[in-house]
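A note on names: the letters A, B, ... follow the listed sequences, proteins ahead of strands, and every chain is numbered from 1.
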Amino acid sequence: MDEAPHLQPMGDSAFMVRFGESISPEIHARVAGALRTLDSAREPWVVDLVPGYASLMVLYDALRASPEEVRRWLEETLPRAWPEPPSRRAIEVPVWYHPAVGPDLEPLAREKELTVEELVTLHTAPEYLVYMLGFRPGFPFLGGLDPRLFSARLPSPRVAVPAGSVGIGGQQTGIYPVRSPGGWRLIGRTPLRLFSPEADPPFAVGLGDRLRFVPISEERYRALGGEVPA
Amino acid sequence: MSLRVRKPGMLTTIQDLGRPGFGRWGVSPCGAMDPLALSLANLLVGNAPGAPALEVTALGPELVFEEEATFAIAGADLGATLDGAGLAPGLAHRAHVGQTLRFGTRVWGARAYVAVAGGGLGQSARSFLGSTATDMEAGLGGLSGRPLRAGDALRLKPQPPFQARAVRGAREHGYPQPWEEVRFIPEASPRISSEAQERFVSTRFRVSSRSNRVGYRLEGPALPVVPSALQLSEPVAPGTIQLPPDGQPIVLMADRQTTGGYPRLGQVIRADVPKLAQRWLGDTLSFRAVTLDEARQSLRELQAWLEGAVP
């Protein structure tokens, strides 16, 4: 049996439930299991449940519940949680890997002493796990990156990274769902829309989904609705 | 007919109490920086406390009433006038067709809220996940996720008959005044040294000019940081106080991201979030550590004040 998670009060409106200090599928399964169990036992004063890589934040309405009451609920509910098996959903993300949409592709390949083709092969080989979403609506933080591709963030973030950009930041890889500033190294772009506010649900990718990048040609990228910078 | 924007001011957005509850999708809560003042403005015009209203920042807009309407201003005193006549915050007012609401010199505070009767100013706003709060970072809610522009017209709902409501009691400006001290609950972390904790509570910080709705950056002598190789991103809460590598703390506010990787000094207590939201660029601030009990007691008192504020 896994060690009980650590409960830490965060101010007067939240608790952090910690399951460990590392990125691993096992810890993720515990976070996801706890999320599912807390959801099903949800009390009306729960404001939000937000998973991280190895943690889960429980935000509560301090006018409606005391910290003692929240702690008791967590202590009673969390032991009923079982690690959540990985999602049955496997999502293919078509990516055009090209300097036109991935300005860091060639410099990163040179830095790693790889050809662009080798870099793409390494990036498309693993099945990634969606550990969490954060930063912007629908931004998936993906674990499973080949350590040969671990790379430092840009010294200074770009002011505007186009939606659909695929990037590498540290040990993680991910996709920018909306145009935003960003410091990750950009290696390609997907025409897939990860976030469509008008759709129901608005998010194409969820926690625990398995994700695979598939290289596509410029023609295919355009045919799927991808935009090419002038 | 509507409320017409002649000048947008520095930053005027449609806000309500935000869209909490979608953190697992990376959706920021947004909503009013000062939820207390938003609620107060709404109560003064007979709306539900969380109805959509305008959040006016420091240098206010110029708005023309194209129809008769009941409105109220609460929060900061930004020198509002209606056709040149001074308007006291904390009172319901009736505007006639063609009258202009202007803001002038900031007297105190940072954010004023303009509520209009009939259920709020959300008619022209786009709702996303149950809220019309403007999310400028993701371009959601409000007017396509952007601040007001000159020429915008905010549709009003049918106006109920005027009722002269005012904040009860003799509190100046009809709103609890912000003061310099912000209370917080410290968080023990191996990534924060005891020296950093001690210096945090003994330092007077200035609100940096790089502060915004995402967070308040605090200027002062840099606090010592503990180098850390691996910083796993973790969820953040309202009022999370982060210590980035430059040693200058950041307090996360309404438009914060849902996760962050910096070490944390603690959390601003919920009762003091409105107070912090009313500190403006260049203002000074200090932090005092309190217990959970004091935090809860203060929140209950503030809520009781709000519930009794408008008879």
For [X], is it the side chain, the backbone, both or neither that has a heavy atom under 4.5 Å from a heavy atom of chain B?
X        : result
A:Met132 : side chain
A:Phe203 : side chain
A:Ser180 : neither
A:Tyr131 : neither
A:Pro202 : side chain
A:Leu63  : both
A:Asp61  : both
A:Val46  : neither

Considering only heavy atoms and a distance below 4.5 Å, find which of [options] pairs most often with chain B.
options                               : answer
A:Leu35, A:Asp200, A:Leu133, A:Leu207 : A:Leu133
A:Pro177, A:Pro51, A:Gly52, A:Gly11   : A:Gly11
A:Gly138, A:Pro137, A:Pro140          : A:Pro137
A:Gly170, A:Pro197, A:Ala54, A:Pro201 : A:Pro197

Name the option with the most non-hydrogen atom pairs under 4.5 Å to chain A; the candidates are [options].
options                                : result
B:Ile269, B:Leu129, B:Val290           : B:Ile269
B:Arg264, B:Gln303, B:Arg126, B:Gln267 : B:Gln267
B:Gly266, B:Pro20, B:Ala237            : B:Ala237

Using non-hydrogen atoms and a 4.5 Å limit, figure out which bit of [X] sits close to chain A: side chain, backbone, both or neither.
X        : answer
B:Leu299 : both
B:Glu137 : both
B:Val236 : backbone
B:Phe184 : neither

Between B:Arg24 and A:Asp39, does at least one N-O distance fall below 4.0 Å, as a salt bridge requires?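 A:Asp39 and B:Arg24: salt-bridged.
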Quick check: does any side chain N or O of B:Glu234 sit under 3.5 Å from a backbone N or O of A:Leu56, one acting as donor and the other as acceptor?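 Pair absent, no side-chain N/O of B:Glu234 close to backbone of A:Leu56.
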Between A:Asp48 and B:Gly23, is there a donor-acceptor pair closer than 3.5 Å when you use the side chain of the first and the backbone of the second?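 Yes.
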Would the number of heavy atoms belonging to other residues, nucleotides or ligands and lying under 6.0 Å from [atom1] of [X] be above 12?
X        : atom1 : result
B:Arg149 : CZ    : no
A:Arg42  : CZ    : yes
A:Glu111 : CD    : yes
A:Arg210 : CZ    : yes
B:Arg199 : CZ    : yes

Quick one: [atom1] on [X] to [atom2] on [Y], what's the gap to the nearest 0.5 Å?
X        : Y        : atom1 : atom2 : answer
A:Phe135 : B:Thr258 : CZ    : OG1   : 10.0 Å
A:Arg136 : B:Leu140 : CZ    : CG    : 10.5 Å
A:Asp12  : B:Ile185 : CG    : CD1   : 5.0 Å

Which pair of heavy atoms, one from B:Arg296 and one from A:Ser66, lies closest together, and at what distance?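 Taking every non-hydrogen atom into account, NH1-CA, 3.4 Å.
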Looking at side-chain heavy atoms only, is the closest gap between A:Ser13 and B:Pro238 below 4.5 Å?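 Side chain of A:Ser13 against side chain of B:Pro238, heavy atoms only: no contact under 4.5 Å found.
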Set out, in order, the CA-CA distance, both residues' side-chain angles and the distance that settles ring pair (Phe, Tyr, Trp, His ring centres under 6.0 Å) for B:Phe128 and A:Phe195, then state yes or no. CA-CA 12 Å; B:Phe128 176 62; A:Phe195 172 62; 5.7 Å; yes
Toward chain B: residues of residues 153-164 of chain A with heavy atoms under 4.5 Å: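 So far as heavy atoms go, nothing in residues 153-164 of chain A approaches chain B to under 4.5 Å.
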